[in-house]
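Structure, as structure tokens:
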Amino acid sequence: MSYLRNVFPVPKGYSLRSYLTAATAARAGDEMSGPALLLAGLAVTGSTTDASTLLAGITVSAAVGGPVLGALLDRAGRPGRLLAGALALYATGLMVILAGLGRLPMVCTLPLAVLTGLLGPALSGGWTAQLPRVAADARLSRANALDAMTFGVASLAGPALAGGVAELLGASTALALAAALITAAVPAAWRLPAGPVRDRGTRSAPVAGALAAGFRVVLRRPLLARATLTSVASCAAQGMLAACVPLIGAQWLGTAGRGVLLFSGAAVSALAANAVLARRPLTVAPDTVVRAGALVQAGALLLAATGRPVALVAAVLVLGIGEGPQLTALFAVRHRETPEHLRGQVFTTGASLKITAFALGVAVAGPLAAWSLPGTLALAAGTAAGGALALGRESV
């Protein structure tokens, strides 16, 4: 990314390179923390139920934490410092959970996981909401593509690091490394540019009022509402696929591990697609790309439902081609449709909804996959397509 300094005019003293490096570290730590927590919980407690309960606890609370965190970021004169604090507390929470495993009863450890999860959206939407402060408006589309690439890099590196470190040094070390990666992003978050200067006579609205205003923006702006719904439906479909991956490997490829390895190809494909977009942005409206991305994912899921190995390889590659550009386009829609003073809330609320939808997709598909793997994949395809076709046809 050596060309970034020349491509993106940025505020003095802060570079897009710093933003992207820190965002990648934080998001890789986030992607690593889930499987590492699952492995550490299993290794220490010996209970798959306790381990999965911890993972569920740290995931589901994001639905509550995201909107509140976003409202606070929007009110902050230096949102980077609030973001840095959230990252530091999230990393600290992971270490406190690790310290409590095996020493405290689960009834004490689980609330720690829930409290830590409240800050989870800081690692995704909280970062992206600050991007316009770093990249000039004229270059924001390329910056969006590069920002989306950090998710792709993290989704590849995080689970691989978690598994590799757990195998070599133990699951507890893997969780500690995840916390260290998140902590490494704190200095860059702290130095993010300040928000717009408020008039001295202007009083900040109460947090509850700010929350209501943020939700109204999402609901009352049709293009933003549609993009949000489509992305949430896509995440639910991705959660359904995640629940199917072990069975796909076991039933169609020989071993469960092969299924996990095969579907990591979707992350590679998404990363490659966004790398192309970073250099050659699409000329079509981002709203169209969000919907098209969902339809491409639906087609990939139907292809995967055939169960043929060659078709599965093609399906995961097509899935990433739909997933990567959709995320870039979603960021573009949010930046375009959201007022400056509500941007943090809209981004963190969107991240919370997507995390929750993914978790619900996993929960719904788990029992169904054991009954019918092709049927579950077809349901996932229908979910993605339904999100793309909902809310009528606004012109873009």
* Would you mind checking if Glu337 and Arg343 are paired as a salt bridge, meaning a charged N to carboxylate O distance below 4.0 Å? =>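 No, no charged N to carboxylate O under 4.0 Å.
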* Do the charged groups of Arg336 and Asp287 touch, with an N to O distance under 4.0 Å? -> yes
Hey, does the side chain of [X] reach the backbone of [Y] with a donor-acceptor pair shorter than 3.5 angstrom?
| X | Y | value |
| --- | --- | --- |
| Asn274 | Ala145 | no |
| Ser231 | Thr228 | yes |
| Arg27 | Leu123 | yes |
| Ser33 | Asp30 | yes |
| Thr349 | Val346 | no |
| Thr348 | Gly344 | yes |
| Thr383 | Leu379 | yes |
| Thr150 | Thr24 | no |

State, yes or no, whether a side-chain contact exists between [X] and [Y] at a heavy-atom distance under 4.5 Å.
| X | Y | answer |
| --- | --- | --- |
| Leu177 | Leu169 | no |
| Pro193 | Gln130 | no |
| Asp147 | Tyr19 | yes |
| Gln345 | Leu73 | no |
| Val217 | Leu224 | yes |

Over all heavy atoms of both residues, which pair between [X] and [Y] is shortest? Give the atoms and the distance, please.
| X | Y | result |
| --- | --- | --- |
| Ala22 | Trp127 | CB-CH2, 3.6 Å |
| Leu83 | Ala122 | CD1-O, 3.4 Å |
| Ala242 | Phe358 | CB-CZ, 3.7 Å |
| Val186 | Ala88 | CG2-N, 4.0 Å |
| Gly41 | Thr45 | O-OG1, 2.5 Å |

If you measure only the distance, is there a donor-acceptor pair under 3.5 Å linking the side chains of [X] and [Y]?
| X | Y | value |
| --- | --- | --- |
| Ser234 | Gln326 | yes |
| Thr328 | Asn144 | no |
| Arg291 | Thr230 | no |

* Atom pair CG/CD of Leu241 and Gln297 - distance to nearest 0.5 Å ->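 The distance works out to 9.5 Å.
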* Structure fact -> Rounded to the nearest 0.5 angstrom, the CG-OG1 distance for Leu89 and Thr116 is 9.0 Å
* Just grab all the ring-ring contact (aromatic ring centres under 6.0 Å, His included) pairs involving residues 297-328, residues at least two apart or on different chains. =>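 The answer is none; no pair qualifies.
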* Using the rule that two of Ile, Leu, Val, Met, Phe, Trp, Tyr join whenever any of their side-chain heavy atoms come within less than 4.5 Å, decide whether Leu94 and Leu101 are in one cluster. =>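 As far as the 4.5 Å side-chain criterion goes, Leu101 and Leu94 are connected within one cluster.
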